[in-house]
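Residue numbers start from 1 in every chain, and the chains themselves are labelled A, B, ... in the order their sequence lines are given, proteins ahead of strands.
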There are 2 protein chains.
Amino acid sequence: MDVTIYEVAKRAGVSIATVSRALRGTGPVAAKTRDKVLKAVEELNFTPSRLGVSLAEGRHAANGVVFPDLAGPYYTQVLLGYEEVAAELGRSVVILSTKGRTRVNDLIKDLAGRVDGMLIFGHAAPDPLVAELVRLGVRLVFVSRDPLPGADTIRSENAASARALAEHLAGHGYERFAFLGAPLTSGDDVDERWRGVRAVLGGAIEAVATREYTVDCGFDAAKKLLKGKRPEAIVCSDDEVALGALLAAEELGLDVPGDLAVTGWDDIMAARHARPALTTVRQPMRELGARAARALDELITGVRDTPRHLVLTTELVVRSSCGAHPPSAERPASPALSGGPRPLRDP
Amino acid sequence: MDVTIYEVAKRAGVSIATVSRALRGTGPVAAKTRDKVLKAVEELNFTPSRLGVSLAEGRHAANGVVFPDLAGPYYTQVLLGYEEVAAELGRSVVILSTKGRTRVNDLIKDLAGRVDGMLIFGHAAPDPLVAELVRLGVRLVFVSRDPLPGADTIRSENAASARALAEHLAGHGYERFAFLGAPLTSGDDVDERWRGVRAVLGGAIEAVATREYTVDCGFDAAKKLLKGKRPEAIVCSDDEVALGALLAAEELGLDVPGDLAVTGWDDIMAARHARPALTTVRQPMRELGARAARALDELITGVRDTPRHLVLTTELVVRSSCGAHPPSAERPASPALSGGPRPLRDP
DNA sequence: TGCATTTGTGTAAGCGCTTTCAGCACGCAA
DNA sequence: TTGCGTGCTGAAAGCGCTTACACAAATGCA
């Protein structure tokens, strides 16, 4: 990768300006000249240095993405949606994982220096730093957090879906609930879900924290919870925690949904395959990433300069883990769902 | 991000060379001068442009990674291990997913132009392109593929582990086997596993392809397979396919391991939580990524310039999906395991 | 005190591109 | 013939840094 535009120019017997024009198609170049240039490029196997181009153009043609960890399908799916669209827009994606890192601020600032803008998951970057980045003019898009001045935010709807889910469970006749995977950060997705279910169930639901939103942590927390005076239904912060809860129930010899109802959130692939199949709320993870990439592109190209806060719709996916339903009766949308998530029976 | 070193120099009343030296600690700078510079840097909130630095230094301080998809824990874990070490070495990570992409060659070449070296999973890059990259002097490390001249390769041991697994299954007395998730590419990990088990089981095992290495595909293929004259044991290409097979068995009312033994590969988190818990071969996924990052660093810094082919050891993890074992008898290593994977009973 | 080192700083030459600007040659209408 | 585009090309000025080199000032030592 060290043949430069000068060597091409020399070989083609033209100036570097002409080589550049011929290659990018900017400005007029005589057909004969272009051929000479392309021939030289071919022979020398020339690829323009990305650094030279970026420095001259004043843009990186790269986006960053900051996430806490890549554990589980959620981050992965969003990331894939993001990368796909970014590639389509001619941008590379630079990743940064913050979990367990020291000097996160420096890492994020360094990242900011090598991209035109970045996607940040939830609260993966500390608020003061975010403010500084905004002040410096870094283009930012946040996923899964509360709106924030000066930057775009994109998230899936949580509150209404959570209320719908809670009402569905209440419709089963349950009276004692637990919310497993209590929010560790206010303003993030899980926090909204918690507020949503609590708005419906009030004092009938208690919050139980898990260390992380993983199967293991869900398992541990659920086991502990179920050994005490156990709830009739566990609403989990996400599907992974819910899978952990299912395992804990099985280990304790509890039948789901007979002895205990369990619900998740996200509708990851494993939710459908779980036994029993998991009632959950589907959020469009890949689309979240894709939209974020497009939003970022708009900010970078300057098509738009005022922040926008987008909320994607979700679907309540009723399967068997929340309790027995009449075998084939199509469930009508409850009033609470209007304008919110559409309920959906899984085949 | 648009205050330059010139403005800092002006404000501090020194030359840009001095600013650079003060900031990087190269060359002598009087304490008083340094303070002036640092003060100016602080006041202007200066961060050196990554592009300027890279262009001058002649290095990107970034590594690439090319994978087909990010589906499932395997790629994710390797990626995390890689990113962690790369960050530790002061390098960013630029990702590129190839699945479903057109013009993959261009994407990879573009990536090559913005990094100092890259990690490529299996056969995610076509061989002719790889040859060209090697010729161009791009530093490359491959994960999970057969050794290849001119580049490092790192993989987990497959053949011996596969033989050990096959012998373990044979020890259960099974006589009719299927290998689910037949290799689509010769030379990759799954291919080695298939060769390994076949070396032991010979004609007693038949290969069954799946479209991809996912739970869904494993489920579909297993269902089809189990409806015919079914084998007594299914050796799966990886854990995800195996989880699909478990689900298919359940759906068909087959007891695992009573009616059918199933094994996986990788030991992803879900393997331990599956019902029944999955017998599998553990491979050090994060370490694979971490080692790749270090190997790449060696190639880039020039500490080493001859390719190296590394094979990490694996562990046979015997759980319940392969058949009943005496409750607490520690399983001795079979002779076939010497030098190969260490067997391990999971609590 | 004189001379050889250090030490500290600035100048300027890159690094590999893009793009403005000026200039040249040509064709065509006046 | 003059004048005026028009099409094509090259020189050169950046883009934001690092660093070799030159040089002045400060220091060490006899």
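For A:Y213, there are no ring-ring contact (aromatic ring centres under 6.0 Å, His included) partners two or more places apart in sequence or in a different chain.
Using a 4.5 Å cut-off on side-chain heavy atoms (C-beta onward), B:R304 and B:D152 make contact. Side-chain contact between A:T4 and A:E7 is present, with heavy atoms from C-beta onward closer than 4.5 Å. Side-chain contact between B:E192 and B:D146 is absent, with no heavy-atom pair separated by less than 4.5 Å.
Comparing the axis of the opening five pairs of the helix from C:dT1-D:dA30 to C:dA30-D:dT1 with that of the closing five pairs yields an angle of 50°, rounded to 10°.
The pair B:D188-B:R155 fails the salt-bridge criterion, with no side-chain N (NZ, NE, NH1 or NH2) lying under 4.0 Å from an Asp/Glu carboxylate O. The pair A:E83-B:R101 counts as a salt bridge, with a side-chain nitrogen and a carboxylate oxygen less than 4.0 angstrom apart. One finds no salt bridge joining A:E298 and A:R139 here, because no Lys/Arg side-chain nitrogen approaches an Asp/Glu carboxylate oxygen to under 4.0 Å. The pair A:D127-A:R145 meets the salt-bridge criterion, with a side-chain N (NZ, NE, NH1 or NH2) lying under 4.0 Å from an Asp/Glu carboxylate O.
When all heavy atoms are compared, the tightest approach of B:A124 to B:V104 is O-CG1, 4.4 Å.
For the pair A:I5 CD1 and D:dA12 C1', the interatomic distance rounds to 14 Å; values are reported in whole Å. With rounding to whole Å, B:F46 atom CZ is found 12 Å from D:dT18 atom C1'. For the pair B:E7 CD and D:dC17 C1', the interatomic distance rounds to 14 Å; values are reported in whole Å. At whole-Å resolution of the value, CG in B:L55 and P in D:dT18 are 11 Å apart.
A side-chain donor-acceptor contact under 3.5 Å links B:H309 and B:T153. Defined by atom type and a distance below 3.5 Å, a donor-acceptor pair is present between the side-chain atoms of A:D189 and A:S144.
Of the residues in residues 10-18 of chain B, those lying under 4.0 Å from DNA chain D by heavy-atom distance are B:I16, B:A17. Interface residues of residues 19-34 of chain B facing DNA chain D, ordered by number: B:S20, B:R21, B:R24; criterion, heavy-atom separation under 4.0 Å.
First and last contacts of DNA chain C with chain B, using any nucleotide atom under 4.0 Å from a protein heavy atom and ordered 5' to 3', fall at C:dG8 to C:dG16.
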Check: residues 59-68 of chain A side-chain donor-acceptor pairs under 3.5 Å, at least two apart:
from	atom 1	to	atom 2	distance (Å)
A:R59	NE	A:E57	OE1	3.2
A:H60	ND1	A:R114	O	3.4
A:H60	NE2	A:G113	O	3.4

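A distance-only check finds no donor-acceptor pair linking the side chain of A:T18 to the backbone of A:V14 [under 3.5 Å].
For the pair B:A56 and A:E57, both in contact range of DNA chain C, the more 5′-proximal nearest nucleotide belongs to B:A56.
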